[in-house]
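Small disclaimer: the values here were computed from a predicted structure and weren't measured.
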Amino acid sequence: MAFKFKGVDFLSFDSLLSEDELLTRETAREFIEDNLIPIIEQCNRDGRFPRELIKPMGELGFFGATIEGYGCAGLSNVEYGLVTQELERGDSGVRSFVSVQSALVMYPINAFGSDEQKNYWLPQLATGEKLGCFGLTEPDFGSNPGGMRTRARKVGDEYVLNGEKMWITSGSIADVAVIWAKVEEEATGEDGAKDAQVRGFLVETDRPGFSAYDVHGKWSLRASITSGLSLQDVHIPASNLLPYTGGLKSPLMCLNQARYGISWGAIGAAMACYDTALQYSLLRKQFRDEPIASHQLVQEKLTWMISEISKAQLLALHVGRLKDQGKVGHQHISLAKRNNVWMALECARMARDILGGNGITDDYPIMRHMMNLESVKTYEGTHDIHALIIGQSITGVPAY
């Protein structure tokens with residue numbers, strides 16, 4: 001039994017939003033209700049990403065939404081956050097797709113790319129005519145990206161790339177991959193070893209030697225494409241190198257953009273679980289032929305959920321305002337991502353508990369959100385890694 005989403009606003013949160021912010025959220029909300037909610041459970045069952053939604057999302061300006069020009073919407077960071085909230089209220093996998101296209105592909109091209117790269121790729125990525133993926137994580141290196149083994153070697157006016165990437169959203173449907181690799185430089189360090197600087201490359205996926213394969217058997221993010229990438233002597237022109245020379249800082253800046261969107265998206269998943277549990281508890285009757293919402297234990301769970309969702313809303317909004325003012329720090333985004341994803345996962349577990357056995361079926365969205373959030377808690381910086389980022393910020397001492 002599906003319930004129509006009624007919205008979640010216990011603290012008059014909407015009063016803190018501008019008319020443009022409310023309109024942006026409502027546009028995304030209507031799109032999700034009309035286009036994703038009716039099909040998402042079947043997509044999850046089938047392990048199918050709803051590619052038919054790519055073009056409509058491009059038309060609404062969801063891709064690269066905060067970028068100015070190039071056919072992008074030029075939204076504020078708060079407006080973009082509200083979009084990702086609604087996307088993840090539909091499904092984490094669909095929000096992941098938009099996050100990758102926007103924060104991990106379009107952002108580095110816009111921030112680090114040449115005018116030629118920006119003019120060619122950004123307009124096509126904004127409409128969804130072209131799709132991208134982000135290759136940083138490797139089979140043996142997730143939380144420690146600096147250990148990557150992927151290498152780029154300069155040969156004349158080309159680079160030759162070799163390596164493997166893993167857990168790549170949209171990998172097998174992408175037209176371009178933003179690949180991070182260590183470039184073997186001729187200069188040597190003090191120890192006599194060659195320096196290897198992390199650089200970003202735009203790799204068209206139809207180049208010889210590039211291949212992608214999908215990860216199957218997933219219990220999480222089933223409506224999302226997750227891939228592995230292999231680069232075997234892939235030749236690209238030197239003009240495909242992103243000019244910015246920030247080293248490992250560059251991909252981490254990209255991840256920061258994605259983590260920000262996740263901090264809002266997780267609220268959407270929590271809202272879906274809370275609203276479902278609340279409506280269910282008012283209809284489900286037990287014992288004295290009264291709704292289970294009349295029981296103290298159920299009310300305590302619902303109270304915990306709405307309390308944490310309300311706090312998460314305020315946290316995400318404040319971080320978004322700081323971001324729009326150019327005052328946000330990576331530690332602030334880590335705090336929001338860590339707290340809000342943990343909160344959403346706990347909400348999913350409590351909501352499942354309220355629904356009892358019905359909570360494990362896909363007549364309701366709760367189990368799907370719970371499984372998805374297990375991945376969201378891990379990717380873009382695990383729960384524990386974000387604790388260490390925050391810990392270093394408040395103590396000044398790195399613990400990793």
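A heavy-atom distance below 4.5 Å is not found between the side chains of Q101 and M57. For the pair V234/N162, no side-chain contact is recorded, criterion being any heavy-atom separation below 4.5 Å from C-beta on. The side-chain heavy atoms of L17 and L317, taken from C-beta on, include a pair separated by under 4.5 Å. The side-chain heavy atoms of M271 and I267, taken from C-beta on, include a pair separated by under 4.5 Å. Looking only at side-chain heavy atoms (C-beta outward), Q392 and L388 stay at 4.5 Å or farther from each other. The shortest distance between side-chain heavy atoms of Y70 and W121 does not fall below 4.5 Å. For the pair L302/I354, a side-chain contact is recorded, criterion being any heavy-atom separation below 4.5 Å from C-beta on. Inter-residue side-chain proximity for I292 and K285 is flagged as unmet; no heavy-atom pair is nearer than 4.5 Å.
At a cut-off of 3.5 Å, with distance as the only test, a side-chain donor of S172 or D214 sits close to an acceptor on the other residue. Defined by atom type and a distance below 3.5 Å, a donor-acceptor pair is missing between the side-chain atoms of R259 and S263. Checked by atom type, the side-chain pair Q257/K323 shows a donor-acceptor distance below 3.5 Å. Q232 and E164 form a side-chain donor-acceptor contact under 3.5 Å, judged by distance and modelled atom types alone. If you check the side chains of T226 and K218, you find a donor sitting under 3.5 Å from an acceptor.
Placement of I168 and I173 in two distinct hydrophobic clusters is found when ILVMFWY residues are connected by side-chain heavy-atom separations under 4.5 Å, directly or transitively. In the hydrophobic clustering of ILVMFWY residues, with side-chain heavy atoms under 4.5 Å counting as a link, I333 and L255 come out apart. When the side chains of ILVMFWY residues are joined at heavy-atom separations under 4.5 Å, either directly or via intervening members, Y379 and L104 end up in two distinct hydrophobic clusters. L241 and L202 are not part of a single hydrophobic cluster, where members link through side-chain heavy atoms under 4.5 Å apart. Both F134 and I225 are assigned to one and the same hydrophobic cluster, defined by single-linkage of ILVMFWY side chains at heavy-atom distances under 4.5 Å.
Using a 30° and 60° split on the angle between ring planes, F49 and F97 fall in the tilted class, from 30° to 60°. The aromatic rings of F287 and H295 stand perpendicular to each other, their planes meeting at an angle above 60°, with 30° marking the opposite boundary.
Between R338 and E380, no side-chain nitrogen of the basic residue sits less than 4.0 Å from a carboxylate oxygen of the acidic one, so the salt-bridge criterion is not met. Salt bridge absent: E184 and K154 never bring a charged side-chain N and a carboxylate O closer than 4.0 Å. A salt bridge does not link E204 to K130: none of the charged nitrogens lies less than 4.0 Å from a carboxylate oxygen. A salt bridge is absent between R368 and D362; no separation between the charged side-chain nitrogens and carboxylate oxygens falls under 4.0 Å. A salt bridge is absent between E41 and R222: the closest approach of a Lys/Arg side-chain nitrogen to an acidic carboxylate oxygen does not fall below 4.0 angstrom.
If you take CD on E68 and SG on C72, they are separated by 9.0 Å, rounding to the nearest 0.5 Å. From M166, atom CE reaches atom OG of S230 across 12.0 Å, with rounding to the nearest 0.5 Å.
Judged by the 6.0 Å and 45° rule, R29 forms no cation-pi pair with F5.
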Go through W264 and Y80 one step at a time and tell me if the side chain to side chain contact (heavy atoms under 4.5 Å, CB included) criterion holds. CA-CA 9 Å; W264 281 94; Y80 174 64; over 6 Å; no
